[in-house]
Amino acid sequence: MPTSSPSSILTLPASIRSLIVAQSGLQSAFPRLATAIPRVGQIQTTRNYVTESTTAPQSSVNATEVSHFNTLASEWWDPHGSSRLLHLMNPLRHQFINRCLATHGGENTTQQKYLDIGCGGGIFAESAARLASTASVTAVDPTPEVISVAKQHQRVDPLLLEPGRLTYRNIPIEELPLPNTPSEGFDIVSLFEVIEHIQQPSSFLPNILQHIKPGGWLIGSTIARTSVSWFTTKFMAEQVLRMVPRGTHEWSQYIQPTEMRSWATKEADLDAEGIGWQVMGVVYVPGLGWKEVKGSEGWGNYFFGVRKNTAT
């Protein structure tokens with residue numbers, strides 16, 4: 001099977017991407033780890049991925065993903081539970097957002113409207129809603145149990161109950177009404193630890209862009225698809241250390257930063273050249289938490305940000 005280009009791989013269903021990854025020879029880039037990594041078809045997970053949606057045919061929702069995260073809902077706000085790594089990563093999310101905004105002089109200078117897609121139990125959504133520079137946060141997730149947990153936790157803080165400050169919706173992004181005009185879109189659309197769980201990113205991502213106002217940012221985080229990331233996220237984090245529940249990730253669905261940028265450069269609405277594209281590699285250091293490591297985006301966890309062109 002021929003290897004797909006970075007621009008085309010995001011158009012493929014997860015099952016086809018798995019076959020391509022299995023034959024692409026990615027493991028050879030890290031020979032010392034290659035012998036520890038089975039071919040993708042042999043990697044054991046606790047989930048079987050399906051392409052059927054739980055809602056409309058064009059929905060990005062995967063029933064197996066929803067079921068998996070439903071089971072984790074009760075531990076979402078336990079800083080030492082299954083979401084521990086997300087709690088520890090949250091400060092870096094804000095750091096990266098500020099870095100992106102600062103490229104065009106926008107850091108904390110205006111009231112920002114956020115759309116948090118795949119919000120889970122609300123770790124990022126709550127923290128964004130508390131910022132003085134935030135006008136509002138809309139947070140969506142198709143998983144009913146985690147949205148229930150998010151709403152319960154919201155009631156702990158009276159600030160978060162102010163009308164319009166933080167709104168949770170138990171829907172897929174496809175069901176969120178589009179803005180009436182471009183200027184009514186969101187300043188920041190966040191996609192943290194979500195894209196690697198989507199079956200067909202190329203149909204999912206353009207739908208998101210419609211919610212971003214001109215000059216706004218799509219900001220997310222995901223994992224590069226390398227033998228190092230398999231060893232750290234699948235073998236060590238899930239199998240050995242049990243820091244992440246087994247089956248949380250499917251390695252073949254990880255996305256290279258080159259693939260993300262290649263997609264972005266082909267979207268006419270996006271400015272993926274120069275400072276309109278930002279990336280930051282991060283590494284989890286036991287005992288110290290998540291740390292920025294320049295260049296690590298090529299082989300592990302990373303943040304990405306791309307700016308929507310301003311109206312002409």
Side-chain angles (χ1 to χ4, degrees), residues 6-17 49-66 69 97 100 112-120 124-125 128 136-144 146-147 167-222 253-255 259-272 276-277 303-311:
S7 61
S8 65
I9 196 166
L10 297 192
T11 68
L12 302 173
S15 58
I16 303 301
R17 280 187 280 154
Y49 284 80
V50 296
T51 56
E52 289 82 8
S53 301
T54 59
T55 56
Q58 297 303 312
S59 173
S60 58
V61 177
N62 179 283
T64 310
E65 295 282 357
V66 171
F69 287 103
I97 289 173
C100 290
Q112 309 288 343
K113 287 176 58 180
Y114 287 81
L115 170 60
D116 187 26
I117 300 173
C119 65
F124 173 74
S136 66
V137 176
T138 299
V140 302
D141 199 292
T143 309
V146 296
I147 285 291
T167 303
Y168 287 112
R169 301 194 64 180
N170 180 208
I171 57 173
I173 185 59
E174 292 83 4
E175 294 183 13
L176 185 70
L178 295 174
N180 294 319
T181 65
S183 62
E184 294 179 11
F186 293 90
D187 299 284
I188 298 165
V189 173
S190 56
L191 197 65
F192 293 124
E193 307 302 313
V194 170
I195 190 67
E196 67 270 21
H197 299 287
I198 300 300
Q199 294 290 303
Q200 291 182 277
S202 67
S203 59
F204 170 73
L205 290 167
N207 188 50
I208 292 175
L209 300 184
Q210 301 177 78
H211 294 280
I212 308 174
K213 69 187 301 183
W217 286 82
L218 171 62
I219 296 176
S221 59
T222 189
Q253 291 188 211
Y254 291 0
I255 296 174
E259 293 166 356
M260 284 300 308
R261 189 171 191 180
S262 180
W263 163 79
T265 57
K266 290 175 172 56
E267 291 289 332
D269 289 341
L270 297 179
D271 174 21
W277 168 265
F303 290 93
F304 64 89
V306 61
R307 188 171 185 259
K308 192 170 186 178
N309 289 318
T310 55

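This chain uses plain numbering: 1 for the first residue, then up along the sequence. Everything numeric here is computed off the predicted structure, so don't read it as measured data.
Between the side chain of Thr138 and the backbone N or O of Thr167, no donor-acceptor pair lies under 3.5 Å. A donor-acceptor contact shorter than 3.5 Å links the side chain of Asn309 to the backbone of Ala268. Under the 3.5 Å distance criterion, the side-chain polar atoms of Lys308 are left unmatched by any main-chain donor or acceptor of Leu218. Using a distance-only test at 3.5 Å, with no hydrogens or angles considered, no donor-acceptor pair links the side chain of Arg261 to the main chain of Trp277.
The heavy-atom pair separating Leu270 from Ala264 by the smallest distance is CB-O, 3.8 Å. When all heavy atoms of Gly215 and Arg307 are compared, the pair lying nearest together is O-NE, 3.4 Å. Across all their heavy atoms, Trp217 and Gly276 have their closest contact at CZ3-O, 3.7 Å. Here the shortest heavy-atom pairing between Asp141 and Gly120 reads OD2-N, 2.9 Å. Closest non-hydrogen pair, Leu176 versus Arg169, comes out as CD1-NH1, 3.6 Å. The shortest heavy-atom contact between Asp271 and Val306 is O-CG2, 3.9 Å.
We find the OG1-NE2 distance between Thr222 and His197 to be 8.0 Å, quoted to the nearest 0.5 Å. Taking CD of Glu184 as the reference point, atom NE2 of His211 lies at 13.0 Å (rounded to 0.5 Å).
One finds a salt bridge joining Lys213 and Asp187 here, because a Lys/Arg side-chain nitrogen approaches an Asp/Glu carboxylate oxygen to under 4.0 Å.
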**Study point:** CA sep, side-chain torsions, deciding dist, call: Ile255, Ile195, side chain to side chain contact (heavy atoms under 4.5 Å, CB included)
**Key:** CA-CA 8 Å; Ile255 296 174; Ile195 190 67; 3.5 Å; yes

Exercise for review: Give the C-alpha distance, both sets of side-chain angles, the deciding distance and a yes or no for side chain to side chain contact (heavy atoms under 4.5 Å, CB included) between Phe186 and Ile212.
Suggested key: CA-CA 5 Å; Phe186 293 90; Ile212 308 174; 5.9 Å; no

Practice item. With side chain to side chain contact (heavy atoms under 4.5 Å, CB included) as the test, would you mind laying out the steps for Val140 and Asp116 before giving the verdict? Key: CA-CA 6 Å; Val140 302; Asp116 187 26; over 6 Å; no

Exercise for review: Let me see the working for Ser221 and Phe304 under side chain to side chain contact (heavy atoms under 4.5 Å, CB included), right down to the final yes or no.
Suggested key: CA-CA 6 Å; Ser221 59; Phe304 64 89; 5.8 Å; no

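Leu209 has its side chain within reach of Glu267: a pair of non-hydrogen atoms, C-beta onward, lies under 4.5 Å apart. Side-chain atoms of Ile173 and Phe204, non-hydrogen and from C-beta on, do get closer than 4.5 Å to each other. Looking at heavy atoms from C-beta onward, Tyr114 lies in side-chain contact with Ile97 at the 4.5 angstrom threshold. Val189 places none of its side-chain heavy atoms less than 4.5 Å from the side chain of Ile219.
Using bins of under 30°, 30° to 60° and over 60° for the plane-to-plane angle, the ring pair Phe124/Phe192 lands in the perpendicular bin.
For the residue pair Trp263 / Glu259, no side-chain donor-acceptor distance below 3.5 Å is found, with atom types taken as modelled.
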